[in-house]
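Here's the structure we're looking at; comments come further down.
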Amino acid sequence: SLSSNAVSCVPGNDGQILIAANSQNGTLSYSLDAATYQTISSFSGLNSGNYTVTIRDAQQCTKSYTVEVNNSEYPVIDSVQIKEISCQGANDGAVKVFVSPPTNAYQYLLSPMAGSISGDTIRNLPPGGYTLIVMTDKACSDTTSFQIIDPPKINFGEIDITPAFCQANTGRIFARSNFIEGVVYTLRPSIQINSSGIFEQLSTGIYTVSARNANGCTVDSLVIVPIDTQVLRPNLTLSHLSCRGYGIEGKALASPTGGL
């Protein structure tokens with residue numbers, strides 16, 4: 001039987017023809033394309049193409065065969081599927097590579113080297129730009145580039161505080177983050193949870209407001225709900241009697257300010 005090994009992409013010119021033959025007529029010798037016979041049952045250093053192999057025994061009987069040496073197949077990167085980083089500063093980006101023809105024999109080379117490679121998936125990537133090379137055992141390759149984006153950090157855009165009046169539970173906190181969709185707000189220690197960031201009926205005190213976005217990124221802020229210092233004060237306007245001890249024209253007008 002005759003078989004061939006394909007020519008590699010790098011360095012090339014390394015195709016092979018392998019011969020497995022036997023004869024009862026003594027030692028066999030082999031010729032490639034009518035060249036000099038040899039006793040080694042293989043031919044190396046070949047380019048791709050069709051070759052004629054002739055086998056000759058000790059009785060000078062010969063038989064010829066046509067053998068094709070193929071070029072190696074190049075891999076083609078069809079696409080990459082990117083999983084972006086969840087929270088700013090995390091190293092949990094990932095990329096899955098789709099290559100044709102599909103096989104488990106590819107080698108994946110990433111530059112700059114980062115993360116961990118398992119099959120066609122690279123995980124634990126920090127933000128940055130990368131070049132990916134997919135290579136076969138014949139050094140045939142395809143290259144692509146991709147970007148892992150560092151998302152914006154979640155933070156509070158504004159926190160509006162309404163003081164509590166007197167000792168009543170009239171304080172209010174309105175917290176807004178820089179993320180609009182999918183944010184959940186939590187107030188402690190009273191343990192209020194909502195998606196509006198509005199917390200009402202609060203007494204004076206120190207609170208922790210937390211915001212968590214859809215990726216699980218969080219931010220905390222300490223907030224103080226004060227007492228309104230504008231207490232109730234009476235403003236008196238007096239109209240005195242015209243004569244000591246007599247008359248009904250004396251008046252007192254009270255105009256309170258502050259308070260509820």
Side-chain angles (χ1 to χ4, degrees), residues 80-96 112 114-116 121-130 146-241 248-260:
V80 293
Q81 185 180 73
I82 296 175
K83 174 188 171 292
E84 299 290 1
I85 289 174
S86 59
C87 303
Q88 188 179 88
N91 294 341
D92 58 358
V95 60
K96 182 178 177 63
S116 58
T121 302
I122 307 170
R123 297 181 174 86
N124 305 321
L125 292 175
Y130 296 91
F146 63 91
Q147 188 88 11
I148 297 292
I149 304 298
D150 200 13
K153 184 177 181 180
I154 184 172
N155 54 52
F156 287 109
E158 296 181 42
I159 299 180
D160 296 331
I161 303 169
T162 301
F165 291 97
C166 300
Q167 298 299 322
N169 294 336
T170 56
R172 182 177 186 267
I173 295 173
F174 182 18
R176 294 179 290 274
S177 84
N178 57 327
F179 283 75
I180 299 175
E181 300 294 334
V183 180
V184 175
Y185 298 91
T186 303
L187 183 70
R188 299 187 302 273
S190 60
I191 312 298
Q192 297 184 41
I193 301 173
N194 61 48
S195 60
S196 66
I198 299 174
F199 303 98
E200 298 179 314
Q201 298 181 343
L202 302 178
S203 62
T204 181
I206 300 175
Y207 297 87
T208 298
V209 181
S210 301
R212 185 182 73 250
N213 67 13
N215 286 339
C217 313
T218 61
V219 62
D220 298 328
S221 181
L222 286 177
V223 178
I224 298 175
V225 175
I227 294 178
D228 192 298
T229 56
Q230 190 177 3
V231 297
L232 180 65
R233 294 185 178 89
N235 298 313
L236 298 178
T237 303
L238 302 177
S239 297
H240 298 284
L241 298 172
I248 59 172
E249 61 274 351
K251 295 179 182 178
L253 178 63
S255 302
T257 60
L260 295 174

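Note: hydrogens, waters and symmetry copies are ignored here, and every other heavy atom, side chains too, is used. Keep in mind that this is a model prediction, so the values were computed, not measured. In this chain, numbering begins with 1 at the start of the sequence shown.
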Shortest non-hydrogen separation from [X] to [Y] and the atoms involved:
X: F174; Y: S196; value: CE1-O, 3.5 Å
X: A164; Y: S203; value: CB-C, 4.4 Å
X: A175; Y: F156; value: CB-CE2, 3.9 Å
X: I148; Y: A94; value: CD1-O, 4.2 Å

A side-chain contact here means heavy atoms from C-beta on lying under 4.5 Å apart; do [X] and [Y] qualify?
X: V223; Y: I206; value: no
X: V95; Y: K83; value: no
X: L187; Y: L202; value: yes
X: P127; Y: N91; value: yes

Backbone N/O of [Y] and side chain of [X]: donor-acceptor pair under 3.5 Å:
X: T204; Y: V225; value: yes
X: Y185; Y: S177; value: yes
X: N215; Y: S86; value: yes

As an exercise, state the distance from [atom1] of [X] to [atom2] of [Y], rounded to the nearest 0.5 Å.
X: L125; Y: S116; atom1: CG; atom2: OG; result: 8.0 Å
X: I191; Y: T186; atom1: CD1; atom2: OG1; result: 7.5 Å
X: F179; Y: R212; atom1: CZ; atom2: CZ; result: 13.5 Å
X: N169; Y: S190; atom1: CG; atom2: OG; result: 10.5 Å
X: I161; Y: R172; atom1: CD1; atom2: CZ; result: 12.0 Å
X: N213; Y: I180; atom1: CG; atom2: CD1; result: 12.5 Å

Run the side chain to side chain contact (heavy atoms under 4.5 Å, CB included) test on K96 and V80 for me, step by step, so that the C-alpha distance in whole Å, both residues' side-chain angles and the decisive distance to 0.1 Å come before the verdict. CA-CA 6 Å; K96 182 178 177 63; V80 293; over 6 Å; no
Are D220 and T208 close enough that a side-chain donor and a side-chain acceptor fall under 3.5 Å? no
Over 12 non-hydrogen atoms of neighbours within 6.0 angstrom of CD1 in I159: yes
Mark yes when over 12 heavy atoms from residues, nucleotides or ligands other than Q88 sit less than 6.0 Å from its CD; otherwise mark no.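 Atom CD in Q88 is crowded, with more than 12 foreign heavy atoms closer than 6.0 Å.
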Could you tell me which residues satisfy side-chain hydrogen bond (donor to acceptor under 3.5 Å, both in side chains) with R188, sequence neighbours excluded, listed by chain and number? S210
Going by side-chain hydrogen bond (donor to acceptor under 3.5 Å, both in side chains), name the pairs with one or both residues in residues 147-165, residues two or more places apart or in two chains.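 Applying side-chain hydrogen bond (donor to acceptor under 3.5 Å, both in side chains) to every pair that reaches into residues 147-165, excluding sequence neighbours, yields E158-R176, D160-R176.
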Got a sec, which pairs hit disulfide bond (SG atoms under 2.5 Å apart) with one end in residues 191-225, sequence neighbours left out?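 Every disulfide bond (SG atoms under 2.5 Å apart) pair that includes a residue of residues 191-225, provided the two are not neighbours, is C87-C217.
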